[in-house]
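Sequential numbering from 1 along the given sequence is applied to the chain's residues.
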Amino acid sequence: MQTKTLATQTQLLMDIGQRNNWNFVNLGKAPIPEQPVRAGEWLIVSATEDTSPIPKQTMQRIKTIYQEGIRPMHWVVVHEAPFLLSAPKTEEQKKSHILPYLALLGGLGVWLATTIITTAAIVDPILIAITPEFDWIEIDRWFD
C-alpha cells in the first residue's frame, strides 16, 4: 500500500526556487514579528511597513511564487542597521545586550548574528517569506 504525504508550503516554496535556479535558503523557524525587531546589527521589518524599492528580479520571484499557488503567511525585509558608535563595552555588557534578540528569534537570531554578518558589506536588504509552518525562507538579496 502506497501512502502519499502532502507537501508543506515550505517544501513547495523551496521546490519553486530549485526549479528556477534561485538560491532560496531555509533560515529556520521563528515567529512573525509584530513590530520591527533588531537582531544584532540587523533590523527585521514587515514588508508591509518597509518603504525600500524592490528590484524587478525580486518582484518576478514574488509573482512566480503566487502564480504557483503559494501564499506565504507574511513577508519581512531584513536591513543592515549598525549601532551608532559608543564607548567600548565590557564583555558582560556585550553578552547581555544581544541575548534578548537571540532569545526572541531562537536559531534565526543566531543565524542573523553570525552567518549573515559576513555578507553585510555586500548585500542589503534581504526579502524573506514566512510560511504557515513559520519557516523563514530567504527569497532574494539585493544592493540598496
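For the residue pair Thr64/Glu68, the side-chain donor-acceptor check at 3.5 Å is not satisfied.
Residues Phe134 and Met73 come closest through the heavy atom pair CE2-CE, 3.5 Å. For Ile16 against Trp22, the heavy-atom pair with the smallest separation is CG2-CZ3, 4.1 Å. Between Ile137 and Met14 the shortest heavy-atom distance is CG2-SD, 3.7 Å. Trp136 and Ala30 make their closest contact through NE1-O, 2.9 Å (heavy atoms, listed as atom of the first residue, atom of the second, distance). Looking at every heavy atom in both residues, Val37 comes nearest to Pro33 through CG2-CB, 3.7 Å. Here the closest heavy-atom approach between residue Glu133 and residue Thr10 is recorded as OE1-OG1, 2.7 Å.
Heavy atoms of other residues, nucleotides or ligands lying less than 6.0 angstrom from CD of Glu49 number more than 12.
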Report task. Could you walk me through whether Ile139 and Ile128 pass the side chain to side chain contact (heavy atoms under 4.5 Å, CB included) test, one step at a time? Result -> CA-CA 5 Å; Ile139 301 301; Ile128 296 174; over 6 Å; no
**Report entry** side chain to side chain contact (heavy atoms under 4.5 Å, CB included) evaluation trace for His74 with Val76
**Finding:** CA-CA 7 Å; His74 200 72; Val76 294; 3.7 Å; yes
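Annotation: the span from Asn26 atom CG to Glu138 atom CD amounts to 10.5 Å, rounded to 0.5 Å. To the nearest 0.5 angstrom, Glu80 atom CD is 5.5 Å from Trp42 atom CH2. Distance OG1/Thr131 to CZ/Arg71: 14.5 Å, rounded to 0.5 Å.
Transitive grouping of hydrophobic side chains (ILVMFWY, heavy atoms separated by less than 4.5 Å) brings Val77 and Ile62 into a common cluster. Met59 and Phe24 fall within the same hydrophobic cluster, where Ile, Leu, Val, Met, Phe, Trp and Tyr residues are linked whenever their side-chain heavy atoms come under 4.5 Å apart, directly or through other members. At a threshold of 4.5 Å between side-chain heavy atoms, the hydrophobic network of Ile, Leu, Val, Met, Phe, Trp and Tyr places Leu43 and Leu27 in two separate groups. Under the 4.5 Å side-chain heavy-atom criterion for Ile, Leu, Val, Met, Phe, Trp and Tyr, Ile54 and Leu13 are members of the same hydrophobic cluster.
Listed by chain and residue number, Arg61, Asp140 satisfy the side-chain contact (heavy atoms from CB on, under 4.5 Å) test with Gln57 (two or more places apart in sequence, or in another chain).
Contact check for Ser52 versus His79: side-chain heavy atoms found under the 4.5 Å cut-off. Contact of the Pro36 side chain with the Ile44 side chain is not registered, since no non-hydrogen atoms from C-beta on lie closer than 4.5 Å.
When each of Leu127, Thr48, Asp50, Ile130 is tested with Trp75 by the rule side chain to side chain contact (heavy atoms under 4.5 Å, CB included), just one qualifies, namely Leu127.
Between the Asp15 side chain and the Gln11 main chain, no donor and acceptor come within less than 3.5 Å of each other.
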